[in-house]
Visitor: 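Let me begin by handing over the structure; questions about it come next.
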Protein chains: 2
Amino acid sequence: MSISSNSLPNDIRRVAAEAGVSIATVSRVFNNPNRVSAKTRRRVLETAARLDYRPNLMGQNLRKGRAQAVGVVIPTPQGRFSDPFFLELLTGLGEGLAEAELDLLVTTCPPGPQELACYQRLVESKRVDALVIARTRRHDERIRYLLQRQTPFVAHGRSDQISQPYAYLDMDGRYGFYLACKHLLGLGHRRIAFIGVSSELNFAHYRLEGYQQALAEVGLIPDPGWILEGDLSEESGYRLTQTLLATTLPPTAILCANDLMALGALQALRELDFKAGQEVSVIGYDDIPLSQYTDPPLSTVHQPIRKMGQRLVEMLLARLNGVAVAELQEVWVPELVLRRSDGAPPV
Amino acid sequence: MSISSNSLPNDIRRVAAEAGVSIATVSRVFNNPNRVSAKTRRRVLETAARLDYRPNLMGQNLRKGRAQAVGVVIPTPQGRFSDPFFLELLTGLGEGLAEAELDLLVTTCPPGPQELACYQRLVESKRVDALVIARTRRHDERIRYLLQRQTPFVAHGRSDQISQPYAYLDMDGRYGFYLACKHLLGLGHRRIAFIGVSSELNFAHYRLEGYQQALAEVGLIPDPGWILEGDLSEESGYRLTQTLLATTLPPTAILCANDLMALGALQALRELDFKAGQEVSVIGYDDIPLSQYTDPPLSTVHQPIRKMGQRLVEMLLARLNGVAVAELQEVWVPELVLRRSDGAPPV
DNA sequence: GCACGTGATGTAAACGTTTTCCAAAAGCCT
DNA sequence: AGGCTTTTGGAAAACGTTTACATCACGTGC
């Protein structure tokens with residue numbers, strides 16, 4: 001509010017001078033309030049307020065050897081748009097971090113070899129205290145790197161090929177798609193296709209397994225031509241669905257490894273005049289907010305993304321407070337939410 | 001790669017020692033390479049590479065008095081999910097910033113009185129060098145504040161009640177909805193409703209004006225009951241559409257101030273068994289990526305969000321390089337993209 | 001009355017850089 | 001060789017904090 005009389009740098013020195021104390025005292029007022037007498041404390045607080053003083057974060061951080069920030073890098077595929085999943089995750093993270101006085105440093109990076117460099121920059125220039133990593137891969141060099149650097153992090157998703165323990169929060173994707181596939185089988189489907197993505201992505205691997213397991217239990221082995229690999233974009237879901245339906249005996253149901261691809265699938269069905277949910281069933285995965293507004297509303301495997309974001313922050317804070325990683329490994333059980341994009345196969 | 005022999009702090013001092021020069025020289029190698037002879041430069045670079053040295057950003061920033069980051073705070077409505085708009089904007093921003101070696105500091109904040117405090121913290125603790133502000137309001141305290149603090153920023157959207165010039169990039173929303181409404185009129189619609197949002201939001205104000213202007217040109221004044229205020233959420237679009245259709249002579253077309261509300265509108269129509277695009281037309285605004293996957297695909301006013309993000313960064317950098325704000329004010333012309341959610345009114 | 005804890009403050013050394021100023025070295029030209 | 005400019009490198013002072021340590025005054029118990 002009040003504009004300071006002269007416009008000297010508004011640093012701790014100025015507050016000290018105006019309050020007639022040393023800068024150490026000012027600092028103590030903020031960091032260790034009961035180490036300074038009530039009288040001077042009050043005086044310092046007053047002048048600080050009057051001058052709109054706020055400690056310079058760079059000074060603080062340099063001295064304290066921290067960054068007061070956690071990083072997250074979101075993969076941004078070139079032309080396509082990013083998965084709404086990340087926005088939800090981000091807001092989940094943001095809410096928790098604000099309370100802990102931490103900021104969120106968001107870097108975007110096209111997936112590929114440059115990605116690791118991105119993490120390295122953040123870590124090695126000490127720009128962040130910790131990281132959240134998402135979309136883990138089976139052989140995840142990011143995790144390997146962070147472990148080796150001993151940089152705290154939590155992962156959204158596991159990484160199977162890493163032996164050393166680390167903190168993660170994952171959904172049981174195998175169970176999720178086991179459930180979904182079981183459900184389709186129960187409805188009478190026998191020709192069920194799977195639109196996935198490179199099994200190098202850890203979650204894709206599990207989701208595929210769930211699908212296969214459910215089929216195996218009823219003695220079915222899927223036609224290899226029905227297990228396709230997309231790239232998580234709605235466009236690839238669209239394209240692959242088209243090819244699936246072009247076959248002589250097309251599947252009556254399609255499991256998509258994420259909602260975005262499921263959206264593409266629905267679109268393809270629509271254009272080919274297939275009634276989704278009646279002639280061909282589609283089930284997605286993620287339950288991104290928009291999946292309830294598609295036509296028909298998408299049946300999918302629900303992931304409480306925002307809540308996961310919040311929990312990830314809790315885990316990260318625990319990690320920063322020295323809680324052992326062994327206690328910071330969680331796998332949540334997803335649930336199937338049925339809307340209108342699934343149904344019995346045509347007779 | 002190579003693990004340094006002893007594990008002393010990997011700072012500039014160590015590089016200097018191992019290279020047999022002073023720290024000043026090391027620093028110069030990175031900041032002012034041609035002030036040091038080729039021979040020593042090579043030697044320093046070698047040892048730096050060998051030790052995996054990377055300047056500590058906090059040290060750098062403290063010294064240089066900057067933060068090497070720009071902030072953006074995204075409003076996160078409580079229960080609802082955030083507008084996909086922001087994810088697109090974020091990735092647009094991210095791409096440009098990476099090149100300029102700047103990081104993006106994302107803070108989430110529920111809209112309301114705490115919002116300004118959020119900006120203040122970022123600015124006054126010198127955590128960011130500049131800010132991007134989105135969703136400007138007609139009386140925008142954030143802009144006022146940043147102007148007063150002389151903190152560089154660019155706004156996505158104008159703020160009409162601010163007299164002092166500032167950098168902005170906006171779409172001509174009035175024209176956008178003028179176009180849309182004109183189009184509906186051309187199709188024969190006469191009962192056109194508008195689902196907006198508080199005119200305190202600057203863009204809402206303009207979009208409403210465009211709608212009114214188009215109607216006025218053909219001598220129509222809208223039934224006041226057809227101008228409704230939502231809150232930008234799909235849920236409010238859904239609800240308001242229901243009330244619109246519950247009237248005895250419901251509108252044959254609905255203009256929605258953003259795509260999210262339009263999605264809700266489509267959903268409401270579907271549930272009431274109205275054929276969207278045939279019985280009732282719906283036009284949205286933003287062209288968020290998913291609007292082409294709704295049913296029917298949404299006709300909307302296109303905003304090149306990601307591109308705007310990139311341009312905002314360019315403007316910000318220009319601003320930081322001292323370009324006058326007068327040169328950094330742009331209003332882009334939107335275009336109407338017609339998909340399937342509009343059509344002639346029933347006869 | 002004296003040594004002694006105790007509580008409140010100040011002093012100064014960090015934290016890891018950049019950059020200003022100097023001094024030394026090295027060219028270059030008569 | 002002598003004087004000049006130009007390169008090159010080092011010493012040291014910042015940048016704004018925090019914090020270990022020293023200081024000092026003030027009871028307090030003996």
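Computation of the quantities below employed the complete heavy-atom set of this structure, encompassing side-chain atoms and omitting hydrogens, waters and symmetry-equivalent molecules. In what follows, chains are A, B, ... by sequence order, proteins preceding strands, each numbered from 1. No experiment lies behind these values; they were computed from the predicted model shown.
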Visitor: Does the side chain of A:S22 get closer than 4.0 angstrom to OP1 or OP2 of C:dT9 through an N or O atom?
Guide: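 Indeed not, no polar side-chain atom of A:S22 lies that close.
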Visitor: Among A:Y166, A:Y168, A:F85, whose ring-ring contact (aromatic ring centres under 6.0 Å, His included) with A:H156 holds?
Guide: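 When A:Y166, A:Y168, A:F85 are each tested with A:H156, the ring-ring contact (aromatic ring centres under 6.0 Å, His included) holds only for A:F85.
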Visitor: With B:R142, which residues qualify under salt bridge (charged side-chain N to carboxylate O under 4.0 Å, His left out), at least two apart?
Guide: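 In terms of salt bridge (charged side-chain N to carboxylate O under 4.0 Å, His left out), with neighbours along the sequence ignored, B:R142 is linked to B:E115, B:D140.
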Visitor: May I ask you to verify if any side-chain N or O of B:Q60 is less than 4.0 angstrom from the OP1 or OP2 atom of C:dT18?
Guide: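 Checking B:Q60 against C:dT18: at least one side-chain N or O falls below 4.0 Å of OP1 or OP2.
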Visitor: Expressed as a whole number of angstroms, how long is the span from A:L57:CG to C:dG16:P?
Guide: 17 Å
Visitor: Taking the nucleotide of DNA chain C with the closest heavy atom to each, which residue, B:Y53 or A:R41, is nearer the 5' end?
Guide: A:R41
Visitor: Starting at CG of B:N56 and ending at C1' of D:dT17, how long is that distance when rounded to a whole Å?
Guide: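 Going from B:N56 (CG) to D:dT17 (C1'), I get 14 Å.
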Visitor: Just the rounded figure in Å: distance from C1' of C:dA12 to CZ of A:R13.
Guide: 13 Å
Visitor: Starting at CD1 of B:I12 and ending at P of D:dA11, how long is that distance when rounded to a whole Å?
Guide: 14 Å
Visitor: Has the side chain of A:R63 got a donor or acceptor atom sitting under 3.5 Å from an opposite partner on the base of D:dG16?
Guide: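 There is none.
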Visitor: Without decimals, in angstroms, what is the distance between B:R28 CZ and C:dG16 P?
Guide: 20 Å
Visitor: Could you state the CD-P distance from A:Q68 to D:dT17, rounded to the nearest angstrom?
Guide: 14 Å
Visitor: For the residue pair B:F203 and B:R135, establish whether any side-chain heavy-atom pair is separated by less than 4.5 Å.
Guide: yes
Visitor: Would you indicate which nucleotide in D:dT8, D:dT18, C:dT9 comes nearest to any side-chain atom of A:S27?
Guide: D:dT18
Visitor: Take atom CZ of A:R54 and atom P of D:dT18, then tell me their distance rounded to the nearest Å.
Guide: 14 Å
Visitor: Regarding B:R66 and B:N61, do their side chains bring together a donor and an acceptor under 3.5 Å, going by distance alone?
Guide: yes
Visitor: Starting at the 5' end of DNA chain C and moving along, which residue's nearest nucleotide shows up first, A:N34 or A:A24?
Guide: A:N34
